[in-house]
Amino acid sequence: MFYDCQTYKSDIMKVYQSIEIKNIALLGSKGVGKTTLAEAMLYECGVIKRRGTVDTKNTVSDYFPVEREYGYSVFSTLFYAEFLGRKLNIIDCPGSDDFVGNTITALNVTDTAVIMVDAHYGVEVGTRNMFRYTKQTNKPVIFLINQLDVEHADYDAVYEQLKENFGTNVVAIQYPISCGPSFNAVVDVLKMKMYKWKPEGGEPEIMDIPDSEIEKAEALHQKLVEAAAENDETLMEKFFDQGTLCEDEMRAGIRAGLVARGMFPVFCVDAERDMGVRRLMEFLGNVVPNVTEMTVPETTKGIKVPPDENGPTSLFFFKTTVEPHIGEVSYFKVMSGKIHEGDDLVNVSRGEEKERLSQIFCVAGQIRTKVEELVAGDIGVAVKLKTVRTGNTLNEKGCDYEFNFIKYPAPKYRRAIKAITEADTEKMNEVLLRMHEEDPTLIIEQSKELRQTLIHCQGEFHLRTLKWRVENNDKIPVQFFEPRIPYRETITKSARAEYRHKKQSGGAGQFGEVHMIIEPYFDGMPSPTSYKFNGQEYRMNVRDTQVYDLDWGGKLVFVNCIVGGAIDSRFLPAIQKGLMDRMEQGPLTGSYARDVRVCIYDGKMHPVDSNEISFRLAGRNAFSDAFKQANPKILEPIYDVEVFVPSDKMGDVMSDLQTRRGLIMGMSSDNGFEKIIAKVPLKELSSYSTVLSSMTGGRASFSMKYASYELVPGEVQDKLLKEYELEQEAE
């Protein structure tokens, strides 16, 4: 069973219809107070009887051991609030950009984003990043200014920052009478009332606006009316006729503005003292769009699937966690139709495997409330499902919907991982794969090329959290290493070589001789005709050409120029295998080789001793000899890097990029932040996220994407060759 005496609510929750359901993502930078706000919201709607705190480590949201250990959110937390006859499904997301996968997931399965901003620090890099994600997913945004009671809190400055960064569509609905320790009241220009709280917060006293604030409140009210009217033609006409709108009309206009991203309302709260939280929840319940008013998602086949309660049942599983004493917990959104406990569905993502949902729940962190039915647009969980993985779609029989609309950012931090005890390796790999299920931005790679297990993630924070979980939850000590770089080898000129493999050890021997010419390959190059080496000309009579696209990029082109039966055609595949042996382990550093054309033009056979292994070895060794004569070069992976940095740190960041052999490709300014575009070798990006954070006080962010392979500088190549030589000697 999916409960214990502390976390299970015995009451059966009522069934909410699609028009009564609001799905909301709660976003904000680290330390802005999201977890504290979640506690206040749960308290206000009666899900919990007492509010926990981050300091005492008893909050609903941060309940995993690693979160309590470090004191920050690692996982997103789903919770519900039944308020004003509506059901609010709210996903509280971690603030650190290292856990951005939670934010991306939440925005794809919710309909409105509430972005919290600190009243002291204002708009941070994280704020801008999260707003950018809402733009990518086309979701409405509400800004929530929190911690107005702290020293140096400045609502007016933060409000101006919001407008500077996100445009004139930022519109105040509330503003505080004062900031700092004296904060205890806000003016609401939608209600045109003042809300005032006692020191303990909670239920406010609703009062008329003081005379000293009337002029300011009326001016902001008029701006709000105009903004609401702009998003609806009927309201615009009425506004022109009457000069104002009633509260219900304003709500309708604000809702339309939210859906169109034509308005970004601003609210005020003090989450720690539960001031303004109830009013925020009223707005979420009454004004923000419900699931039927948002953009309709599409299946992988491009079919639009509205949240229709009467449509075929289809569930999209967007998250998986493994919880103590429970096991695997699967989170889903009802995309269409209705789901009941005990329903049998088909997993279309895993070969039509059948799955029964014996129980379904709504959750608030660890608090589980049993439900008998969930309808289109709602969010719930199931436990201990047999076949379901993150990203799977389950349908009723006869429905072929499949969803795959969540696109995660590329990793920007990588390390090699190894179990300290060799016997733990297999168990460690199983744990890592499970953790990828929980967080798709955590990518596990078993690299045959580098002979390492690689962790690709979002940053050092991300990696440190993984290490804590593996060592403390699963009791597997691990260590991290600097990962090897996937270099490539190629050649820059033509070369000729021949090799005879001959072995006699009693009985049948081994004999094979291969003559070849190799040269750099590029798409569209003409067929070979002749070559000249040391004054001697070698004419090519092309009989057959095979082009092999290599798994690691580039090509191997194999040209048969054998005449007169010098090598029987049955041995050519063996020669090609010999070439591929050396392409997979290049002669210079053991890295993959690429973009080489090989012409086999002569050789010798023995009527008895020639066989496939002989020609495979002859081909491999001839290729190795020719490769070393063909002015070989090492290529390194180059990445496109975009850095978002405050203007005052731009010089430091640019200087650092240049010390990393970075090539600055462009710069642009955007509201006090600079975007630097550069090409940087992967070798130089190993710990860049940590250095960038340290250099800018955590105020910068970056993204990286593979661009191309380029020649390494001569001094770098010499260093790599010496290192490889020492490795070979050690082995």
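- To the nearest 0.5 Å, atoms SG (C457) and CG (L463) are separated by 4.5 Å.
- For the pair N108/T137, a side-chain contact is recorded, criterion being any heavy-atom separation below 4.5 Å from C-beta on.
- Taking the six-membered ring where tryptophan is involved, the planes of Y159 and Y155 are essentially parallel, since the angle between them stays under 30° and well short of 60°.
- Between K304 and E298 there is a salt bridge, with a side-chain nitrogen of the basic residue lying less than 4.0 Å from a carboxylate oxygen of the acidic one.
- Remark: the E213 side chain and the Y175 side chain contain an N/O donor-acceptor pair separated by less than 3.5 Å.
- In terms of modelled atom types and a separation under 3.5 Å, the side chain of N231 and the main chain of A227 share a donor-acceptor contact.
- The CD atom of Q147 sits 10.5 Å away from the CG atom of L37 when rounded to the nearest 0.5 Å.
- Atom NZ of K216 has more than 12 heavy atoms from other residues, nucleotides or ligands within 6.0 Å.
- More than 12 heavy atoms of other residues, nucleotides or ligands shown are found within 6.0 angstrom of CD on E200.
- A donor-acceptor pair under 3.5 Å links the side-chain atoms of E249 to the main chain of C246, judged by distance alone.
- With no hydrogens or angles considered, no side-chain donor-acceptor pair links N146 and D270 at under 3.5 Å.
- Proximity of Q458 to Y413: side-chain heavy atoms (C-beta onward) are nowhere separated by under 4.5 Å.
- The pair K193-D208 counts as a salt bridge, with a side-chain nitrogen and a carboxylate oxygen less than 4.0 angstrom apart.
- When atom types are taken as modelled, the side chain of D98 and the backbone of F461 share a donor-acceptor pair closer than 3.5 angstrom.
- Across all their heavy atoms, I48 and I367 have their closest contact at CG2-CD1, 3.7 Å.
- Rounding to the nearest 0.5 Å places NZ of K34 at 8.0 Å from SG of C93.
- Checked against side-chain hydrogen bond (donor to acceptor under 3.5 Å, both in side chains), E437 has no partners two or more places apart in sequence or in another chain.
- Judged purely by atom type and a 3.5 angstrom limit, W197 uses its side chain to pair as donor or acceptor with the backbone of G202.
- Counting non-hydrogen atoms of neighbouring residues, nucleotides and ligands closer than 6.0 angstrom, the CD1 atom of I19 reaches no more than 12 such neighbours.
- A salt bridge is absent between R278 and E282; no separation between the charged side-chain nitrogens and carboxylate oxygens falls under 4.0 Å.
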Would F99 and F75 count as a ring-ring contact (aromatic ring centres under 6.0 Å, His included) if you check the C-alpha gap in whole Å, the side-chain angles of each, and the deciding distance to 0.1 Å?
-> CA-CA 8 Å; F99 307 109; F75 305 100; 7.9 Å; no
Please report the C-alpha distance between S76 and K319 in whole Å, then the side-chain angles of each, then the deciding distance to 0.1 Å, and finally whether the side-chain hydrogen bond (donor to acceptor under 3.5 Å, both in side chains) criterion is met.
-> CA-CA 9 Å; S76 60; K319 177 183 172 181; 3.3 Å; yes
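- When each of L190, L284, I173 is paired with F267, the side-chain contact (heavy atoms from CB on, under 4.5 Å) condition holds for I173 and for no other.
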Take N169 and R261, measure what side-chain hydrogen bond (donor to acceptor under 3.5 Å, both in side chains) needs, and give me the verdict at the end.
-> CA-CA 8 Å; N169 290 341; R261 286 179 59 87; over 6 Å; no
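- One finds the CG atom of L220 at 11.5 Å from the CD atom of Q174 (value rounded to the nearest 0.5 Å).
- Aromatic rings from Y331 and F317 are positioned such that their centres are separated by 6.0 Å or more.
- Residues forming a side-chain hydrogen bond (donor to acceptor under 3.5 Å, both in side chains) with T105 (at least two apart in sequence, or on another chain): Y408.
- In the model, T292 has no side-chain atom that pairs as donor or acceptor with a side-chain atom of S18 under 3.5 Å.
- Put simply, NZ on K675 and OG on S669 are 11.0 Å apart, with the number rounded to the nearest 0.5 Å.
- Under the 3.5 Å distance criterion, the side-chain polar atoms of R273 are left unmatched by any main-chain donor or acceptor of A271.
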Could you walk me through whether S29 and Y121 pass the side-chain hydrogen bond (donor to acceptor under 3.5 Å, both in side chains) test, one step at a time?
-> CA-CA 10 Å; S29 298; Y121 295 106; over 6 Å; no
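- Side-chain contact between R132 and F644 is present, with heavy atoms from C-beta onward closer than 4.5 Å.
- Contact annotation: the side chain of V363 never approaches that of F79 to less than 4.5 Å [non-hydrogen atoms, C-beta and beyond].
- Summarising the geometry of L78 relative to I379, their closest heavy-atom pair is CD2-CG2, 3.5 Å, with the distance given to 0.1 Å.
- In this structure, CD on E44 lies 13.0 Å from CZ on R279, to the nearest 0.5 angstrom.
- Minimum heavy-atom separation, M281 to A81: CE-CB, 3.8 Å.
- Residues I676 and E642 have side chains not in contact (no heavy-atom distance under 4.5 Å, counting atoms from C-beta outward).
- A heavy-atom distance below 4.5 Å is found between the side chains of I115 and T134.
- Closest approach of L374 and C362 over heavy atoms only: CD2-SG, 3.9 Å.
- Between Y16 and the options E82, R86, K87, a side chain to side chain donor-acceptor pair (under 3.5 Å) holds for only E82.
- Side chains of T321 and E438: a donor-acceptor N/O pair is absent below 3.5 angstrom, by distance only.
- In this model, a donor atom of one side chain and an acceptor atom of the other lie less than 3.5 Å apart for E674 and S647.
- Of the possible polar contacts, one joining the E20 side chain to the Q17 backbone as a donor-acceptor pair under 3.5 Å is found.
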Test side-chain hydrogen bond (donor to acceptor under 3.5 Å, both in side chains) on T390 and T320 and set out the steps.
-> CA-CA 6 Å; T390 301; T320 305; 2.8 Å; yes
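- A salt bridge links K412 to D97: at least one charged side-chain nitrogen sits closer than 4.0 Å to a carboxylate oxygen.
- The existence of a salt bridge linking K22 and D111 is excluded, since no basic side-chain nitrogen approaches an acidic carboxylate oxygen closer than 4.0 Å.
- In this view, Y133 satisfies the ring-ring contact (aromatic ring centres under 6.0 Å, His included) rule with no residue, not counting sequence neighbours.
- Using a cut-off of 4.0 Å between Lys/Arg side-chain N and Asp/Glu carboxylate O, E247 and K191 are scored as salt-bridged.
- Pairing each heavy atom of T110 with each of A25, the nearest pair is OG1-CB, 3.5 Å.
- S693 places no side-chain N or O within 3.5 Å of a backbone atom of S689 that could act as its donor or acceptor partner.
- Side chains of T441 and H462 form a contact here, defined as non-hydrogen atoms less than 4.5 Å apart.
- Between Y80 and V47, the shortest heavy-atom distance links the atoms O-CG2, 3.7 Å.
- R251 forms no cation-pi arrangement with F283, by the criterion of a distance under 6.0 Å to the ring centre and an angle within 45° of the ring axis.
- The backbone N or O of P289 lies less than 3.5 Å from no partner atom in the side chain of R255, so there is not a single donor-acceptor pair.
- Looking at heavy atoms from C-beta onward, P210 lies in side-chain contact with M194 at the 4.5 angstrom threshold.
- The closest donor-acceptor contact from the side chain of E39 to the backbone of T36 lies at 3.5 Å or more, if one exists at all.
- Aromatic ring pairs are classed by plane angle as parallel below 30°, tilted from 30° to 60° and perpendicular above 60°; the pair F143 and F131 is parallel.
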